[in-house]
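In what follows, every chain begins at residue 1, and chains take the letters A, B, ... in the order their sequences are listed. All values below were derived from every heavy atom in this structure, side-chain atoms included, with hydrogens, water molecules and symmetry-related copies excluded.
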Number of protein chains: 2
Amino acid sequence: MITEKARPEILSLIRQHYPQLAERNLQDAIADEGTIMHFKAGSLIMDFGAYVKIMPLIIKGSIKVSREDEEGNELFLYYLKPGETCSMSFTCCLMDKKSEIRTVAEEDTTLIGIPTRFMDEWMSRYPSWKNFVMTSYDNRMLELVRTIDSIAFKKMDERLMDYLEQKAEANDSRTLNATHQEIAYDLNASREAISRLLKQLEKDGVVQLGRNRIELL
Amino acid sequence: MITEKARPEILSLIRQHYPQLAERNLQDAIADEGTIMHFKAGSLIMDFGAYVKIMPLIIKGSIKVSREDEEGNELFLYYLKPGETCSMSFTCCLMDKKSEIRTVAEEDTTLIGIPTRFMDEWMSRYPSWKNFVMTSYDNRMLELVRTIDSIAFKKMDERLMDYLEQKAEANDSRTLNATHQEIAYDLNASREAISRLLKQLEKDGVVQLGRNRIELL
DNA sequence: CGGTTATTGTGATGTTCGTCACTGCGGGCC
DNA sequence: GGCCCGCAGTGACGAACATCACAATAACCG
């Protein structure tokens, strides 16, 4: 992970990716207090149980958010993309609580990290910040409900297709690099089941498979 | 549903059930704008797709929150109890969006309804209101993540036990009135499966079954 | 190039439900 | 009492995976 302070650059990035944060004073505050951070694809940004110290405003790339239970079962929840933030971090900040989720850089990712101590103050001071935070919450909530729908109501083949589509979008590419085992972990399924379903999808002409590679057609 | 304006009573209820909303001005505002509402057990408070017009502060009873997909599959999410509010309503208000959930009174329930147009203004004006809203969001988020854990990682017998425990708590009674079919709907399972699992739980000495009645031991 | 390791394919078998087709039971109501 | 009807119990069968045990490739590396 590489960090840098770069006031003018932050200003420009915010204006470009977060136009809804329109107040000049807020933009200045972000430029003053924020830090540009770079994460390499695959690097762990925040693990379960970690105390969150920054709130990320994502600029470039994408972040995979997932959940793990006590026994180590893992489950993919959703991706965060540029223009979005992690609402989970948000409450962790305010409440000084441990993280319930894990975040990993899906691609090479750039974000502006805001130290948590400003969250609360800005909520009262800048209406557009308040709206941004509330909207983020709402979007994440919706994302979680959709995840619930998916797990509760859909069968594995459909969940798999949804997953592949989401991953393709997060990576801006219809050709995905992933092993069947990794996918199985994300969907909390067995590798064999995923292999067989992928084979079926290939037979159906929906994907093309290679070693470590899945191409969506 | 019965509603009433009752300024002094609202003041007293708020102080009793929402001590964290400590600001006098806020309490006055709630008393001025809020309405006491009563719902009979089983009555529908808000359906899918409805536009939310009030935010409920629950005083007495409990509310069942559930989700339904396009094909009509239903799934129980969580209960709301006194001292809590429905964060989902909250964003619906702000964004003027349709509801993603259904809420039904589990017991006879009393709540204070706050018209949605005050939500936003109060957020900026009263820090304790802002904190209350943020905390509610966080709690609901956590509740959703726990629901995901339950569906994704647990088998039906464990989910059933969890469900019964939650229902017992919501109803303040270890003796529940419900048909196997109703439970099956809430867990998105088949009646037969629930019947068999309950029978097994009875054999294990965990519950005692009767017609329309389940007693937790 | 050969050997090692990561990845994928495949068959056999078991478990957890879902579905279907009934039976039995209990309570209310004519 | 006899009749319904909603609820609960039950057996048979199948579908959707999980699990286990390997075989078959493909990549990688000294």
* May I have the step-by-step check of side chain to side chain donor-acceptor pair (under 3.5 Å) for A:Q166 and A:D162, ending in yes or no? => CA-CA 6 Å; A:Q166 283 184 72; A:D162 289 353; 6.0 Å; no
Between atom [atom1] in [X] and atom [atom2] in [N], what is the gap in whole Å?
{"X": "B:I183", "N": "C:dG18", "atom1": "CD1", "atom2": "P", "answer": "14 Å"}
{"X": "A:I194", "N": "C:dG9", "atom1": "CD1", "atom2": "P", "answer": "12 Å"}
{"X": "B:N73", "N": "C:dC17", "atom1": "CG", "atom2": "P", "answer": "17 Å"}
{"X": "A:L160", "N": "D:dC17", "atom1": "CG", "atom2": "C1'", "answer": "13 Å"}
{"X": "A:R159", "N": "D:dA16", "atom1": "CZ", "atom2": "C1'", "answer": "13 Å"}
{"X": "A:Y185", "N": "D:dA18", "atom1": "OH", "atom2": "P", "answer": "13 Å"}
{"X": "A:Q200", "N": "C:dG9", "atom1": "CD", "atom2": "P", "answer": "13 Å"}
{"X": "A:L197", "N": "D:dA18", "atom1": "CG", "atom2": "C1'", "answer": "13 Å"}

* In plain terms, say whether A:E143 and A:R140 are close enough for a salt bridge, that is, a side-chain N and a carboxylate O under 4.0 Å apart. => yes
* Qualifying salt bridge (charged side-chain N to carboxylate O under 4.0 Å, His left out) pairs with a residue from residues 183-194 of chain A, counting only residues at least two apart or across chains ->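 The answer is A:K64-A:D186.
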* Asked: Below 4.5 Å, heavy atoms only, C-beta onward: do B:L13 and B:I36 meet side chain to side chain?
  -> yes
* Would you mind building the protein contact string for nucleotides 4-14 of chain D? One character per nucleotide, 5' to 3', B for base within reach (heavy atoms under 4.0 Å), S for sugar-phosphate only, - for untouched. => --BSBBBBB--
* Asked: To the nearest 0.5 Å, how far apart are NZ in A:K154 and CG in B:D69?
  ->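 Nearest 0.5 Å value for the NZ-CG distance: 9.0 Å.
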* **Interatomic distance, A:L176 atom CG to A:N212 atom CG [nearest 0.5 angstrom]** => 11.0 Å
* Should we say atom CZ of A:F132 is surrounded by more than 12 heavy atoms from elsewhere, each under 6.0 Å from it? ->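 Correct, the count exceeds 12.
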* Which ones in residues 145-154 of chain A lie close to DNA chain D, meaning a heavy atom under 4.0 Å from one of its atoms? ->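 The answer is none.
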* Donor-acceptor under 3.5 Å (B:D108 side chain, B:A41 main chain) -> yes
* For the side chain of A:N171 and the backbone of A:K167, is there at least one donor-acceptor N/O pair under 3.5 Å apart? -> yes
